[in-house]
There are 2 protein chains.
Amino acid sequence: MEPIRDRILDACEALIRRHGPAKVSVVDVARALGMSHANLYRHFPSKEALREAVVERWLGSVSTPLAAVAQQPDPAPERLAGWVRALAAAKEAKILAEPELFAAYEALAEAHRGAVERHLAELHGQLAHILAEGVAEGSFAGEAGALARAVLAATSAFHHPHMVRTAGGGPDRAAALEAVLALLLKGLRLP
Amino acid sequence: MEPIRDRILDACEALIRRHGPAKVSVVDVARALGMSHANLYRHFPSKEALREAVVERWLGSVSTPLAAVAQQPDPAPERLAGWVRALAAAKEAKILAEPELFAAYEALAEAHRGAVERHLAELHGQLAHILAEGVAEGSFAGEAGALARAVLAATSAFHHPHMVRTAGGGPDRAAALEAVLALLLKGLRLP
DNA sequence: CAAGTGACAGATTTTGAATATTGTCATTAG
DNA sequence: CTAATGACAATATTCAAAATCTGTCACTTG
C-alpha cells in the first residue's frame with residue numbers, strides 16, 4: 001500500500017487532470033479517497049501546501065530524467081545540446097499533454113515562488129556540472145556557474161512555462177532552438 | 001486639430017490609464033469625447049479593433065526609437081549590443097514608470113496576437129539590418145534573417161513583457177544580459 | 001495515542017435576476 | 001452625400017443572496 005501522503009497527491013492530481021485546478025476543492029479530494037476533509041489537514045497544513053506538493057512532484061518528473069542526460073559520457077558540447085533539447089522537449093510535451101496541470105503550475109508559480117526556485121536551482125546545478133566538465137576538458141572558457149545562468153537565460157524562450165505555452169509547438173520552433181544552440185556553442189568555445 | 005482617429009485613441013488610452021483595460025467601455029470612450037458611441041463605429045469596426053489600435057500605437061513607441069539605434073554608424077557588433085540593450089532598457093523603463101499600465105498592455109497584447117506579430121516583425125527587420133551589414137563587413141557569419149530570429153529568441157528573457165515583468169529589474173539582471181550578449185557576439189563571429 | 005470524524009465560523013464561490021454593453025440601422029441634420 | 005444620432009436586439013457584466021469551501025476543534029474509535 002502506497003503511503004497515505006502519496007495517495008492524497010495521486011487523488012488530487014487525478015481530479016486536477018479531470019476538472020481543472022480551479023474546480024478541485026479539498027472536500028472533493030477527501031471524498032475521492034473516502035475520508036473526511038478534516039483528515040486531510042492531518043497530512044497537509046493547507047490547500048496551498050497540497051497543491052504546491054502536487055506541482056513539486058510534477059516538476060520533479062521534468063528535472064529527474066534530465067539528471068541522467070547531464071551524466072552521460074558524451075563530450076560536453078554535445079551533452080549540453082542534448083540536455084537543452086531534452087529540457088525543451090520535456091516542457092513542451094508536458095504542456096501539450098497536460099494543459100490543466102500546467103495551468104495549476106503557472107498559477108502557483110505566481111503566488112509561491114518556492115517550488116519554482118528549487119526547480120530552477122536544480123536545473124542550474126545540472127547545467128553547471130556539464131559546463132564545468134567542458135571547461136576542465138578545454139572545450140569551454142569561463143566560469144561554469146555564470147555560464148550556466150547565461151545559457152538558461154538565453155534558452156528560456158524554449159523552456160520557460162509562459163513562453164512555451166503561448167508560443168505553441170511546430171517545426172519552426174525546433175529550428176529556432178537549433179539556431180540558438182549553434183550560436184551559444186560557438187560562443188562558449190575558447191577565444 | 002488632431003485627426004478624429006487619434007483623438008479617439010488618446011481618449012481610450014487615457015481611460016485605460018485611469019481605470020484599467022477591463023473597465024473601459026465603448027460608451028465611456030464616446031462620452032469622454034462628447035459623442036454617441038454609435039459614431040465611434042464609423043471610425044473603428046469593433047471594440048477589439050479600437051483596443052488593438054491602442055496596443056499598436058504603444059508598441060510603436062518602443063520600436064520607433066530603436067530604428068534610430070539600428071541606423072547608427074557604429075560597427076555592427078557594438079551596434080547590435082547597443083540595440084539589444086536599448087530594447088531591454090525601453091521595456092524595463094516602461095514597467096518601472098507605470099507597472100499597472102504595463103500589466104494592462106501585456107493583457108491587451110496577449111489578446112491581440114496580430115499587433116504583437118507585426119511588432120516582432122518590425123524588430124526582426126531592424127535586427128536583420130544590423131546583422132546583414134555585419135555579414136557584409138565580415139564581422140558575422142550566416143544568414144541575417146535566421147540570425148536575427150536566433151538573437152531575438154536568445155534575448156527574449158530581457159525584452160518579452162511577461163519575462164521582464166515577473167523578473168523585476170536589478171543589477172543581476174543587467175549582468176545576465178551582458179553575459180548572454182557576450183556569448184552571442186562570440187558565437188556570431190566567423191568560425 | 002494514532003487515525004479519523006462531525007459540526008462549526010468565517011471566507012469564498014456560485015447563481016440568477018437586474019443592469020450595462022456591443023454592434024446595427026433607420027433616420028436626422030447639414 | 002457625409003457625419004452623426006437615438007432606439008433597439010442580443011450578449012455580457014454586475015451584485016447580492018444562497019451555497020459551498022477552508023481550516024479548526026472537541027470529540028470518537030480502535
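Heavy atoms only: backbone and side chains are in, while hydrogens, waters and symmetry mates are out. By convention in this document, chain letters (A, B, ...) are assigned in the order of the sequence lines, proteins followed by strands, and residues within each chain are numbered from 1.
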Asks: Specify the separation, in whole Å, of atom CG of A/L33 and atom P of C/dT5.
Replies: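 From A/L33 CG to C/dT5 P: 11 Å.
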Asks: For A/Y41 and C/dG6, give me the distance from atom OH to atom P, rounded to whole Å.
Replies: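 Going from OH in A/Y41 over to P in C/dG6 covers 16 Å.
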Asks: Only one of A/K47, A/R118, A/R113 forms a salt bridge (Lys or Arg N to Asp or Glu O under 4.0 Å) with A/E52, so which one is it?
Replies: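 Only match with A/E52 under salt bridge (Lys or Arg N to Asp or Glu O under 4.0 Å): A/R118.
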Asks: Once you apply a heavy-atom cut-off of 4.0 Å, does A/V27 come out as touching a base, just sugar-phosphate, or nothing?
Replies: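 Base contact.
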Asks: If you walk 5' to 3' along DNA chain D, what is the first nucleotide with an atom under 4.0 Å of a heavy atom in chain A, and what is the last?
Replies: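 Range of nucleotides within reach of chain A: D/dC21 to D/dC25.
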Asks: Are B/D28 and B/R31 close enough, and set up right, to give a salt bridge (Lys or Arg N to Asp or Glu O under 4.0 Å), and what steps lead you there?
Replies: CA-CA 5 Å; B/D28 291 335; B/R31 187 165 39 226; 2.7 Å; yes
Asks: On the 0 to 90° scale, with breaks at 30° and 60°, tag the A/F102-A/W58 ring pair as parallel, tilted or perpendicular.
Replies: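 Because their plane-to-plane angle is over 60°, the rings of A/F102 and A/W58 count as perpendicular.
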Asks: Can you tell me how far C1' of C/dT21 sits from NZ of B/K47, to the nearest Å?
Replies: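 Those two atoms, NZ and C1', are 8 Å apart.
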Asks: Which comes earlier along DNA chain C counting from the 5' end, the contact point of A/K23 or that of A/H43, where each point is its nearest nucleotide?
Replies: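 Nearest-nucleotide comparison on DNA chain C picks A/H43.
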Asks: What closest approach, in Å, do A/P161 and A/I95 show between heavy atoms, and which atom pair accounts for it?
Replies: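 Here A/P161 and A/I95 meet closest at O-CD1, 4.1 Å.
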Asks: Can you tell me how the ring of B/H162 sits relative to the ring of A/H162, calling it parallel under 30°, perpendicular over 60° and tilted otherwise?
Replies: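 Plane angle under 30°, so parallel.
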Asks: Pick the closest DNA chain D nucleotide for B/A22 and for B/I4 by heavy atoms, then say which residue is nearer the 5' end.
Replies: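 Checking each residue's closest nucleotide, the 5'-ward one belongs to B/I4.
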Asks: To the nearest 0.5 angstrom, please state how far the CG atom of B/L188 sits from the NZ atom of A/K186.
Replies: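 Here the rounded value is 7.5 Å.
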Asks: Starting the side chain at C-beta, find the nucleotide from C/dG23, C/dT5, C/dC8 nearest to A/H37.
Replies: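 Nearest nucleotide to the side chain: C/dC8.
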Asks: Using the closest heavy atom to pick a nucleotide of DNA chain D for each, name whichever of A/A38 or A/R31 lands nearer the 5' end.
Replies: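 Between the two, 5'-proximity favours A/R31.
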